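The block underneath contains the structure these notes are about, expressed in structure tokens.
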Amino acid sequence: KATIIPMNGRMSFEASSNINITISQYSFKRLTFVLSTSDYACGGDLLHMRGSVHQVVRENDDECIWTIRTTPGNSILLAYGLNILESDFCAASYLEIRKNNSTGSLLGRFCRFKHGPKSIMGAAEHIVSNETLWLKFKYFAEGNTERDHAVDIYFERVNGGPTTSRIIESPLVVERESTIWEIELEENEVFLFTIEYMHTLWSNPLKFFKRQGDSNEIIELREEIYGFNRPQESSLI
């Protein structure tokens, strides 16, 4: 059962089970589905554009591991709330966040009480990562059984934007028709690039623009590239 709500020419709906969508006519030019999930599973890959994870209190000790993946040139926003008993050196219950995997750079181990936001946009502060995030929630049941949610995690993928990455790849999850990356060059620097793989429609080429200073005005289109499987080396000044 789903509730459908019209919103500015769009429709949004909420459902607690699987959603089946049948397209019976083709009177539209483009149809886009954007999913935001609330997940209560203990661990797994979080694959949507944005969503939340709510781990409820259990009677037994537990350990949950989640992964939020991204590609070079794109990033992840993360916020969290904790409602667990604090321990010395976070040795009992804790939320641990690393880059990439269990041996990646540690971004923090947290065990102090913290109010969770109602949404990712309502968070007072975010953890920002341009690499895949690996999260582990270690739960020690003793002393926590009278609580409700033990941890709340909110995330959103950010595609494109300013980047210092030397490698740029298309986003894993696409919400808009186009993705724009910004690369800042110092005066008299030259931008060199190599395309290792590309597969685009002729109506949607890869474009390179030049912009001067802090202005949002595009000065000139420097190059358009079409096609697929086309290794190419070039430079833009």
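Since the structure is predicted, the reported quantities are computational estimates derived from the model, not experimental observations. What's counted below: heavy atoms across the whole structure, side chains too, no hydrogens, waters or symmetry copies.
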Rounded distance [0.5 Å steps], CH2 in Trp66 versus CD1 in Ile153: 4.5 Å
Under the salt bridge (Lys or Arg N to Asp or Glu O under 4.0 Å) test, residues paired with Arg166 that sit two or more places apart: none
Partners meeting side-chain hydrogen bond (donor to acceptor under 3.5 Å, both in side chains) with Ser75 (sequence neighbours left out): none
Report the C-alpha distance between Asn83 and Phe113 in whole Å, list the side-chain angles of each, state the deciding distance to 0.1 Å, and finish with yes or no for side chain to side chain contact (heavy atoms under 4.5 Å, CB included). CA-CA 5 Å; Asn83 188 16; Phe113 174 82; 3.6 Å; yes
Rounded to the nearest 0.5 Å, what's the gap from CZ on Phe110 to CD1 on Ile97? Could you check? 5.0 Å
Which disulfide (SG to SG under 2.5 Å) pairs, counting each pair once, include a residue from residues 68-97, with sequence neighbours left out? Cys90-Cys111
Can you pull the salt bridge (Lys or Arg N to Asp or Glu O under 4.0 Å) pairs that have at least one residue in residues 69-83, sequence neighbours excluded? Asp45-Arg69
Once you round to the nearest 0.5 Å, how far does CG of Leu78 lie from CD1 of Ile68? 5.0 Å
Decide yes or no on side chain to side chain contact (heavy atoms under 4.5 Å, CB included) for Leu107 and Lys99, but give the supporting numbers first. CA-CA 7 Å; Leu107 297 179; Lys99 290 186 176 182; 3.9 Å; yes
For residues Tyr154 and His54, establish whether the separation of their ring centroids is below 6.0 Å. yes
Interatomic distance, Glu63 atom CD to Tyr139 atom OH [nearest 0.5 angstrom]: 14.5 Å
Could you tell me whether Ile180 atom CD1 has more than 12 heavy atoms of other residues or ligands within 6.0 Å of it? no
Non-hydrogen side-chain atoms of Ile168 and Ile183 separated by less than 4.5 Å: yes
Transitive ILVMFWY side-chain link Leu47 to Leu172, under 4.5 Å: no
Closest non-hydrogen contact found for Pro171 with Thr179 is CG-OG1, 3.7 Å
Nearest heavy atoms of Ile167 and Pro72, plus distance in Å: O-CB, 3.1 Å
Once rounded to the nearest 0.5 Å, what's the spacing between atom CG of Leu185 and atom CZ of Phe191? 7.5 Å
Which side-chain N or O atoms in residues 131-138 pair as donor and acceptor under 3.5 Å with protein atoms at least two apart or in another chain?
residue, atom, partner, partner atom, Å
Glu131, OE1, Asn100, ND2, 2.7
Thr132, OG1, Thr70, N, 3.3
Lys136, NZ, Tyr94, OH, 3.2

Quick one: list whatever passes salt bridge (Lys or Arg N to Asp or Glu O under 4.0 Å) with Glu182, sequence neighbours left out. Arg211
Ile76 CD1 to Arg50 CZ distance, which is reported to the nearest 0.5 Å: 13.5 Å
Asn159 to Val173 - nearest heavy-atom pair and separation: ND2-O, 2.8 Å
I'd like to check the side-chain hydrogen bond (donor to acceptor under 3.5 Å, both in side chains) partners of Asn101; sequence neighbours left out, ordered by chain and number. Thr103
Listed by chain and number, what are the salt bridge (Lys or Arg N to Asp or Glu O under 4.0 Å) partners of Glu169, not counting sequence neighbours? none
By side-chain hydrogen bond (donor to acceptor under 3.5 Å, both in side chains), Lys114 pairs with (sequence neighbours left out) Glu125
Decide side chain to side chain contact (heavy atoms under 4.5 Å, CB included) for Asn74 and Trp181; before the verdict, give the C-alpha distance in whole Å, the side-chain angles of both, and the deciding distance to 0.1 Å. CA-CA 9 Å; Asn74 307 293; Trp181 292 275; 3.4 Å; yes
For Glu96, give me all partners under salt bridge (Lys or Arg N to Asp or Glu O under 4.0 Å), at least two apart in sequence or on another chain. Arg98, Arg109
For the student: nearest non-hydrogen atoms of Ala92 and Ser87, plus distance: N-OG, 3.0 Å
